[in-house]
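This report concerns only the one structure given below.
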Protein chains: 2
Amino acid sequence: MAEADKGAAVLSQDSRRRQTSWSTAEAIKGYIRDHGLTSGEPLPTETELCEVLGVSRSSVREAIRTLASLDIVQVRHGYGTYVGGLSLAPLVSGLVFRGSLNQDGTFGTLREVLQVRIALDLGVADELAAHYRGTTNSALRALVTQMRAHSRAGESFAAQDGEFHRQLLAPLDNTLVRQLVAAFWEVHTNVVPMLGIPRAADIDSTVEAHDEMLDALEAGDAEAYQQAVLRHYAPLRNAIDQALANG
Amino acid sequence: MAEADKGAAVLSQDSRRRQTSWSTAEAIKGYIRDHGLTSGEPLPTETELCEVLGVSRSSVREAIRTLASLDIVQVRHGYGTYVGGLSLAPLVSGLVFRGSLNQDGTFGTLREVLQVRIALDLGVADELAAHYRGTTNSALRALVTQMRAHSRAGESFAAQDGEFHRQLLAPLDNTLVRQLVAAFWEVHTNVVPMLGIPRAADIDSTVEAHDEMLDALEAGDAEAYQQAVLRHYAPLRNAIDQALANG
DNA sequence: GCAGATTTGTTCGTATGTATT
DNA sequence: GAATACATACGAACAAATCTG
């Protein structure tokens, strides 16, 4: 585990260099790397790791718990420990917690998340337009139809919205971008209910913007897609600005 | 801790709902929230938390370790536990580990990180241009000068590059974006050395692109800034594409 | 469905290292 | 330097969950 340790260099090295729980976590990461394990494959049992690493079970457990919270390993009670999904779940829970700390921070977090979501959506315009040019996408259109129905009935369409964005970015050859977009969508939908903001009057335009985004992409027009993305986020952006101005 | 728990819903809810170490971590988060604690403020000692939460020390310790790995709390050996910086450190370490898993994944990770960095830099163009319009920034210019000197001497200028980007985005009224940019910069600089790629011949153009970015911003020209950003990343992008094609 | 083996989860007690006063 | 408070580490025991035959 020579070079890859540098990722943990964000922490104070010297003070933690000797601590067994820290080095144990690094050792387990090294074990995964050296044995070429990938997501879902089993790790040795806790007692086996104790022997291999030469530390007590308590230390192994704390190290495993640390790695589990980062989704590097996954523990199944009574069965075993496995390599985790390496997802962005820790990012989500951290940001949601940050947003839940205080009412001011909630609005601020949402505003900041919104700007990031917009930047990411705009940043993949070219790649998406190139992929969708000349295609027809009935599954995505169906989701918009469902969204429209729910919106007119005054109901939430979060599920369909999430699925739309997930499917829309599915062809992207960039796992990180897809995970980031999904993560910030999740933070977004978790933070919004904390605010108790009234249902925006112009929420319907968000639904229609999904259709416009798809229109633009199927026409291969990246710029029109970007404009539709901005219209898509406009109602929420207005609601936040208004709330920040009033509060 | 009613609604804010949803952030943890990414994990398998039912199986973890009853586990004390999981609920203990949630309880500590609730303690922080309910007492309005902010970064740097002290938490009760482990033994006090045991009494308040009614669980054993081991469970409290594992919960604290979980939260520490998410930078929600910070433990100072022999002194006490404090509310953490709520930084994006877990994101960095997770991505660096992902990049270290295998050689193929390293290039892939770098390529993906690069696309995200570009999207974020482009996404803040308007805000930066509005802020820098008509200003002169000697500190940033000095960093570019240092970069140029190091580059011509065949040395690394990573430190100055990181500082340049950090200072450039400092005026942004968006903590999340600044942290994300810094985090991905860190992942980037940690992953690159794993590849052993030769020094690109066109690396000098990266240095000059920093000057061009600043020129554009001081002129208030967001679009010129975006072009400079793309030029800034072009050498590395070429190196990656070439490596992916050859390997 | 049941019983037993395996594995993780929780707890306690004790000894040690570390930082502050 | 001494005293105090605290975190760190270890080992052992028992509880709970899961799989296998």
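Quantities reported herein were computed from a predicted structural model and do not represent experimental measurements. Just the heavy atoms: all of them, side chains too, but no hydrogens, waters or symmetry mates, feed the values below. Per chain, numbering begins at 1; letters A, B, ... match sequence-line order.
Between A:T20 and D:dA9 there is a side-chain N or O to OP1 or OP2 distance below 4.0 Å. Between B:S59 and the phosphate of C:dT11, there is a side-chain N or O to OP1/OP2 separation shorter than 4.0 Å. An OP1 or OP2 oxygen of C:dT7 is reached within less than 4.0 angstrom by no side-chain nitrogen or oxygen of A:R57. Checking the phosphate oxygens (OP1, OP2) of C:dT8, a side-chain nitrogen or oxygen of A:T81 falls inside 4.0 Å. Contact between the side-chain N/O atoms of A:R76 and the OP1/OP2 oxygens of C:dT8 is not found at any separation under 4.0 Å.
Side-chain contact between B:V187 and B:L91 is absent, with no heavy-atom pair separated by less than 4.5 Å.
Between the CG atom of A:L53 and the C1' atom of D:dA9 there is a distance of 15 Å, rounded to whole Å. Protein atom OH of A:Y82 is 11 Å distant from nucleotide atom C1' of C:dT6, rounded to whole Å. If you measure from atom CG of B:L49 to atom P of D:dC6, you get 12 Å, rounded to the nearest angstrom. Counting to the nearest Å, the P atom of C:dT14 and the CZ atom of B:R61 are 18 Å from each other. What separates CZ of A:R65 from C1' of D:dA9 is a distance of 18 Å, to the nearest Å. Atom CD in B:Q74 sits roughly 14 Å away from atom C1' in D:dA7 (whole-Å rounding).
Of the candidates C:dC12, D:dT8, C:dG9, D:dT8 carries the atom nearest the B:E46 side chain, counting heavy atoms from C-beta on. Listed nucleotides C:dT20, C:dT7, D:dA7 differ in distance to B:V75; the shortest reach to its side chain belongs to D:dA7.
Residue A:G54 is the one, among A:G54 and A:Y79, whose nearest nucleotide of DNA chain D lies closer to the 5' end (criterion: closest heavy atom). Checking A:G78 against A:S58, the closest nucleotide of DNA chain C that is more toward the 5' end is the one next to A:G78.
Annotation: cation-pi geometry satisfied between B:R76 and B:Y82 (NZ/CZ under 6.0 angstrom from ring centroid, within 45° of ring axis). Taking the ring centre of A:F97 as origin, the terminal cationic atom of B:R33 falls outside the region bounded by 6.0 Å and 45° from the ring axis.
Among all heavy-atom pairs drawn from A:E127 and A:D173, the shortest one is OE2-N, 3.5 Å.
Separation of the B:H188 and B:F184 ring centroids does not fall under the 6.0 Å cut-off.
A donor-acceptor contact under 3.5 Å links the side chain of A:H77 to the base of C:dT8.
Within 4.0 Å of B:T47, counting heavy atoms only, lies no atom of the nucleic acid at all.
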